[in-house]
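Encoded as structure tokens, the structure appears first; notes follow it.
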Amino acid sequence: NMTQGNDFERIEELVNKGISFQREGKHKEAITCFDKAISLDENMNGEADPNLLLLKNNSEMKIDKEE
């Protein structure tokens, strides 16, 4: 299944991008990346990888502290 391979690469790309944003302290941008990765992962596997949810959660907690 070709689309699955592409989706997997896309997820990996989004996660890497999200992590870069996190390092730069751009947590809203990071969450956008993780959200896209999460919805691709859910479409592909029926549920999102817990690590993705954890990454997103880390950024959300950072934003909560800032506001």
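Since the structure is predicted, the reported quantities are computational estimates derived from the model, not experimental observations.
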Next item on the list: Kindly write out the residues that satisfy side-chain hydrogen bond (donor to acceptor under 3.5 Å, both in side chains) with Asn57, not counting sequence neighbours, or none if the list is empty.
Entry: none
Item checked: Leu53 vs Lys56 side-chain heavy atoms within contact, under 4.5 Å -> no
Checklist line | Rounded distance (nearest 0.5 Å) linking atom CG of Asn51 with atom CZ of Phe34 | finding: 11.0 Å
Next item on the list: Just grab all the side-chain hydrogen bond (donor to acceptor under 3.5 Å, both in side chains) pairs involving residues 19-29, residues at least two apart or on different chains.
Entry: Gln22-Ser59, Glu24-Lys26, His27-Ser59, Lys28-Glu67
Identify all side-chain donor-acceptor contacts of residues 8-17 below 3.5 Å with residues at least two apart in sequence or on another chain.
| residue | atom | partner | partner atom | Å |
| --- | --- | --- | --- | --- |
| Asn16 | ND2 | Glu12 | O | 3.3 |

Check: Hydrophobic cluster mates of Ile63, side-chain heavy atoms under 4.5 angstrom, ILVMFWY only, any path?
Finding: Ile31
Taking only distance into account, with no hydrogens and no angle test, what donor-acceptor pairs under 3.5 Å do side-chain atoms of residues 37-46 form with protein atoms, sequence neighbours excluded?
| residue | atom | partner | partner atom | Å |
| --- | --- | --- | --- | --- |
| Ser39 | OG | Lys36 | O | 3.2 |
| Asp41 | OD1 | Asn45 | ND2 | 2.7 |
| Asp41 | OD2 | Asp49 | N | 2.7 |
| Asn43 | ND2 | Ser39 | O | 3.3 |

